[in-house]
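Here is the structure we will look at, set down as structure tokens.
Chain identifiers are assigned alphabetically (A, B, ...) following the order of the sequence lines, protein sequences preceding nucleic acid strands; residue numbering begins at 1 within each chain. This is a predicted model, so every value here is computed, not measured.
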Amino acid sequence: MKNLRIKQIISMKADNQEMTVHGWIRSFRDSKAVCFIALNDGSCLSNLQIVIDRDKVDLTNIISDLTTGASVAVTGQLVASPKPEQPVELDAQTVQVLGPSPSETYPLQKKRHSFEFLREIAHLRPRTNTFSAVMRVRNALSFAIHHYFQEHGFLYIQTPIITASDCEGAGEMFQVTTLPLDNIPKENNSIDFSKDFFGKKASLTVSGQLEGEIMALALGNIYTFGPTFRAEHSNTSRHLAEFWMVEPEMAFCDINGDMDIAEEFLKYIISHVLENCEEDMAFFDKWVDPGKLEVLQQIVKSSFTRITYTQAIEELLKSKEKFEFKVEWGIDLQSEHEKFLTEKVYNNPVIITDYPKQIKAFYMKQNDDGKTVRAMDILVPRIGEIIGGSEREDRLDVLTARLKDQNLPVEEYWWYLELRKYGSAPHAGFGLGFERMVQFVTGMQNIRDVIPFPRAYGSAEF
RNA sequence: UCCCCUGUAGCUCAGUCGGUAGAGCGGGUGACUGUUAAUCACUAGGUCGGCAGUUCGAGUCUGUCCGGGGGAGCCA
């Protein structure tokens with residue numbers, strides 16, 4: 001007799017085979033002659049219907065424990081269901097309550113809860129339909145990401161989580177220290193970091209890109225997939241203080257190759273989810289974001305629109321839309337502009353390239369016009385920027401000048417500059433916010449609902 | 001960090017003009033039924049987010065603090 005998971009069971013042919021199933025009760029309906037348990041074990045959205053013939057199974061001692069949330073082991077025979085709602089059901093022989101769940105206090109009801117409430121009970125929310133589906137899709141996306149890169153010869157690289165370089169240049173960092181906070185050692189009124197654990201100031205990484213470039217300029221194509229930390233006081237449905245990021249980096253690759261790979265990669269991981277998470281995706285399409293399936297299927301088939309920043313500005317200027325922020329060449333695109341382009345103008349993912357150099361990072365390769373850099377952002381409806389990438393500046397003199405232009409400490413970038421001094425090569429890469437990808441695919445509105453335990457400004461429960 | 005909204009039963013919410021609190025769902029009890037977020041009847045359940053103020057009287061008005069949500073900025 002085998003322990004099977006419900007995902008396997010519901011696709012089996014019912015021929016009275018005996019089996020044991022473990023799971024949590026979603027609902028229990030009883031009567032004198034027959035009882036029904038809707039059992040879920042997290043392997044899939046569907047519940048397995050357990051039928052208990054009370055003439056065959058004595059429930060006297062356990063019936064009061066057969067409540068929503070209780071964990072049970074049921075042994076029985078798999079039979080065809082007489083009703084169309086489910087193909088098979090388990091005709092129980094024995095029912096054992098492993099862990100009761102007092103119904104007076106168990107917070108999950110059979111009906112729908114608000115996501116806000118579920119966030120307060122993050123230890124129980126994976127037992128709901130929506131969250132279990134989110135977690136399965138998240139898992140499938142994660143697998144697809146590795147699969148895409150592995151199939152294409154990219155090496156999976158682990159870049160450091162603790163970094164002593166204060167120069168990753170992507171927002172506020174969390175400091176890491178073992179200094180006693182109630183008695184910080186000072187030297188001339190400033191903190192003496194030489195007494196700290198690493199002998200210098202250290203922080204949590206905000207990006208693995210610079211280290212990724214090191215590895216790409218030795219190994220060819222690499223990718224990272226790990227946690228990233230930003231200490232911004234962001235309080236939106238699209239930001240977390242701790243999130244996961246995918247960052248491929250390709251040697252001997254320019255901005256066009258970068259875009260090609262990013263587009264192919266996005267389509268690949270979306271296809272993977274469409275093919276492997278059919279039931280969960282149908283659920284999101286029905287209950288969370290109607291029309292999502294069609295949008296995703298369309299994206300996989302379509303070519304992403306590619307425009308330059310200059311064209312994007314022209315498009316915004318000629319529109320009749322009233323924007324809060326004035327549109328003119330040189331501004332950074334605001335959320336409202338990005339949404340307008342993806343949702344109203346093109347209704348498709350849009351890749352915008354060649355941004356003004358003033359609004360982009362120092363490491364992006366300058367175009368010959370002297371005004372723009374080879375950056376590319378992929379914007380998607382509702383989420384906005386999902387991928388940000390660029391061809392990297394590979395000319396030592398230009399890069400050094402850019403650092404000085406932006407008043408960055410050139411000495412601290414010595415190793416980054418040496419990559420350009422010895423065997424420099426054109427290279428490019430991009431970063432994908434993993435949670436934003438999960439949001440986009442599932443249609444979930446709040447990023448805190450696509451990660452098991454969200455960390456955000458002022459919030460680190462569980 | 002800024003702007004807006006919000007906080008009433010376990011959950012989702014209503015509560016008019018300031019006069020001591022209501023529904024649906026969930027829970028409990030019972031009935032009924034191859035049931036499907038079952039159905040029906042009965043029932044319990046409240047420091048109206050905290051503190052201070054105005055008032056004869058505050059869920060309702062004012063101040064303040066705390067929590068939650070949406071938007072902006074920052075970004076992925």
Side-chain angles (χ1 to χ4, degrees), chain A residues 26-40 46-54 64 67-69 79 81-86 89 91 101-121 124 128-129 168-172 206-209 227-247 287 323-325 332-339 359-361 377-380 383-389 430-440 445-451 456-459 461:
Chain A
R26 282 293 177 82
S27 87
F28 177 69
R29 297 175 286 271
D30 75 313
S31 69
K32 283 206 184 89
V34 63
C35 306
F36 301 92
I37 294 173
L39 193 71
N40 189 279
S46 294
N47 300 322
L48 177 65
Q49 172 149 281
I50 312 289
V51 185
I52 307 170
D53 182 341
R54 298 194 70 172
S64 62
T67 59
T68 302
V79 297
S81 176
K83 292 293 178 73
E85 282 86 350
Q86 56 274 319
E89 56 192 32
D91 185 12
S101 174
S103 49
E104 299 86 359
T105 52
Y106 187 62
L108 292 176
Q109 300 174 178
K110 280 179 253 187
K111 72 169 204 179
R112 227 197 118 124
H113 287 289
S114 69
F115 292 135
E116 292 80 14
F117 171 66
L118 292 173
R119 257 170 242 157
E120 294 168 11
I121 49 167
L124 297 172
T128 63
N129 284 340
E168 289 172 347
E172 290 296 308
V206 292
S207 166
Q209 181 197 314
T228 307
F229 308 88
R230 304 273 168 94
E232 303 287 349
H233 293 189
S234 299
N235 206 342
T236 81
S237 56
R238 310 186 303 283
H239 289 87
L240 291 167
E242 176 183 291
F243 63 98
W244 288 67
M245 191 152 63
V246 182
E247 293 182 291
W287 298 106
F323 296 112
E324 192 187 335
F325 293 86
D332 206 354
L333 295 179
Q334 305 294 319
S335 291
E336 57 174 352
H337 304 141
E338 297 181 349
K339 282 179 183 167
I359 60 170
K360 286 292 180 185
D377 287 354
I378 302 187
L379 313 180
V380 295
I383 310 287
E385 185 180 342
I386 199 165
I387 278 181
F430 60 85
L432 169 78
F434 183 56
E435 280 74 18
R436 287 194 183 170
M437 191 64 207
V438 181
Q439 260 190 293
F440 180 62
Q445 302 251 352
N446 196 308
I447 200 165
R448 298 174 194 204
D449 298 331
V450 297
I451 188 168
Y457 180 60
S459 154
E461 280 295 310

- Query: Hey, what do you get for CG (Leu379(A)) to CD (Glu338(A)), rounding to the nearest 0.5 Å?
  - Reply: 4.5 Å
- Is any N or O donor-acceptor pair between the side chain of Glu89(A) and the base of G34(B) shorter than 3.5 Å? yes
- For Phe117(A), report the nucleic acid contact type (base, sugar-phosphate, nothing); a contact means any heavy atom under 4.0 Å. sugar-phosphate
- Looking at Arg29(A), does any N or O in its side chain come under 4.0 Å of the phosphate oxygens OP1/OP2 on A37(B)? no
- Task: Start with the C-alpha distance between Asn446(A) and Arg238(A), add both sets of side-chain angles, then the distance that settles side-chain hydrogen bond (donor to acceptor under 3.5 Å, both in side chains), and finish with yes or no.
- Result: CA-CA 7 Å; Asn446(A) 196 308; Arg238(A) 310 186 303 283; over 6 Å; no
- Just checking His113(A): base, sugar-phosphate only, or nothing, at a heavy-atom cut-off of under 4.0 Å? sugar-phosphate
- Query: Reckon Glu120(A) touches a base, only the sugar-phosphate, or nothing at all at heavy-atom distances under 4.0 Å?
  - Reply: nothing
- Item | Value rounded to 0.5 Å, distance of CG in Leu48(A) from CD1 in Ile37(A) | 10.0 Å
- Using heavy atoms to find the nearest nucleotide of RNA chain B for Ile447(A) and Phe28(A) separately, return the residue whose nucleotide is more 5′. Phe28(A)
- Item | Nearest listed nucleotide, side chain of Phe36(A), among G34(B), A37(B), U36(B) | G34(B)
- Within this structure, what is the CD-to-P distance between Glu324(A) and C4(B), rounded to whole angstrom? 13 Å
- Could I get the full list of side chain to side chain contact (heavy atoms under 4.5 Å, CB included) partners for Gln49(A), not counting sequence neighbours? Arg29(A), Phe36(A), Val51(A), Gln86(A), Glu89(A)
- Identify the heavy atoms of Glu247(A) and Gln209(A) that sit nearest to each other, and give their distance. OE1-N, 3.6 Å
- Message: Between Tyr457(A) and C74(B), is there a contact of a side-chain N or O with OP1 or OP2 at under 4.0 Å?
- Response: no
- Message: Base of C74(B), side chain of Ser234(A) - is there a donor-acceptor contact under 3.5 Å?
- Response: yes
- Query: According to the Watson-Crick and G-U wobble definition with distances under 3.5 Å, which dot-bracket string, read 5' to 3', encodes RNA chain B, using [ ] for crossing pairs and | for pairs with another strand?
  - Reply: (((((((..((((.....[..)))).(((((.......))))).....(((((..]....))))))))))))....
- Message: Taking only the C1' atom of each, what is the distance from G24(B) to U39(B) in whole angstrom?
- Response: 16 Å
- Task: Could you give the distance separating A14(B) and C66(B) at their C1' atoms, to the nearest angstrom?
- Result: 25 Å
- Task: Give Pro82(A) one of three labels, base, sugar-phosphate or nothing, depending on what nucleic acid heavy atoms sit under 4.0 Å from its own.
- Result: base
- Message: Taking only the C1' atom of each, what is the distance from A21(B) to G67(B) in whole angstrom?
- Response: 23 Å
- Checking all strands, does Glu85(A) fall into the base, sugar-phosphate, or nothing category for heavy-atom contacts under 4.0 angstrom? base
- Do the side-chain N or O atoms of Ser114(A) get closer than 4.0 angstrom to the phosphate oxygens (OP1, OP2) of C11(B)? no
- Query: Considering only heavy atoms from C-beta outward, does the side chain of Phe243(A) approach that of Arg230(A) to under 4.5 Å?
  - Reply: yes
- Indicate whether OP1 or OP2 belonging to G73(B) is found under 4.0 Å from a side-chain N or O atom of Ser335(A). yes
- Item | P spacing across the pair C25(B) / U43(B), given as an integer number of angstrom | 15 Å
- Query: For RNA chain B, whose closest nucleotide is more 5', that of Arg112(A) or that of Pro107(A)?
  - Reply: Pro107(A)
- Donor-acceptor contact present, side-chain His239(A) to main-chain Thr236(A), <3.5 Å: no
- Task: Send over the distance from Leu333(A) CG to A72(B) C1', rounded to a whole Å.
- Result: 16 Å
- Task: Could you state the atom-to-atom distance from NE2 of His337(A) to P of C74(B) in whole Å?
- Result: 11 Å
- Query: Reckon Lys83(A) has a side-chain N or O less than 4.0 Å from the OP1 or OP2 of U36(B)?
  - Reply: no
- Query: Is the distance from OP1 or OP2 of C74(B) to the nearest side-chain N or O of Asn235(A) less than 4.0 Å?
  - Reply: no
- Give the B/S/- string for nucleotides 26-31 of chain B, one per nucleotide from 5' to 3', where a protein heavy atom under 4.0 Å of the base yields B, of only the sugar-phosphate yields S, and otherwise -. SSS---
- Message: Using a heavy-atom cut-off of 4.0 Å across all strands, would you classify Glu247(A) as base, sugar-phosphate, or nothing?
- Response: nothing
- Spacing of the P atoms in C61(B) and G18(B) (rounded, Å): 8 Å
- Message: Whether the side chain of Gln49(A) and the base of U35(B) hold a donor-acceptor pair under 3.5 Å is what I'd like checked.
- Response: yes
- Query: Under 4.0 angstrom, heavy atoms only, what part of the nucleic acid is Thr236(A) near: base, sugar-phosphate, or nothing?
  - Reply: base
- Under the 5.5 Å and 30° test, is Phe243(A) stacked on the base of A76(B)? yes
- Task: Indicate the atoms forming the closest heavy-atom contact of Glu336(A) with Phe325(A), along with that distance.
- Result: OE2-N, 2.7 Å
- Message: Rounding to an integer number of Å, can you tell me how far Arg26(A) CZ sits from U35(B) P?
- Response: 22 Å
- Task: Among G69(B), C75(B), G34(B), find the nucleotide with the atom closest to the side chain of Arg238(A).
- Result: C75(B)
- Item | Between A76(B) (P) and Ile383(A) (CD1): distance, integer Å | 15 Å
- Glu116(A) has an atom CD; how far is it from atom C1' of G10(B), in whole Å? 17 Å
- Message: Is the shortest side-chain heavy-atom distance between Ile386(A) and Met437(A) below 4.5 Å?
- Response: yes
- Message: Looking at Ser237(A), I'd like to know whether one of its side-chain N or O atoms comes within less than 4.0 Å of OP1 or OP2 on G71(B).
- Response: yes
- Kindly confirm or rule out a cation-pi arrangement of Arg26(A) over Phe28(A), judged by NZ or CZ under 6.0 Å from the six-membered ring centre and within 45° of its axis? no
- Message: Regarding Ile386(A), tell me which of base, sugar-phosphate or nothing describes its non-hydrogen contacts under 4.0 Å with the strands shown.
- Response: sugar-phosphate
- Message: Would Leu432(A) and Met245(A) count as a side chain to side chain contact (heavy atoms under 4.5 Å, CB included) here? Give the steps.
- Response: CA-CA 6 Å; Leu432(A) 169 78; Met245(A) 191 152 63; 5.9 Å; no
- Can you find a heavy atom in the side chain of Ile383(A) that is under 4.5 Å from one in the side chain of Gln439(A)? yes
- Between Glu338(A) (CD) and G71(B) (C1'), how many Å, whole number? 15 Å
- Query: For Arg119(A) and G69(B), is the shortest distance between a side-chain N/O and OP1 or OP2 below 4.0 Å?
  - Reply: yes
- Look at the side chain of His239(A) against the base of C74(B) and say whether a donor-acceptor pair falls under 3.5 Å; ignore hydrogens and angles. yes
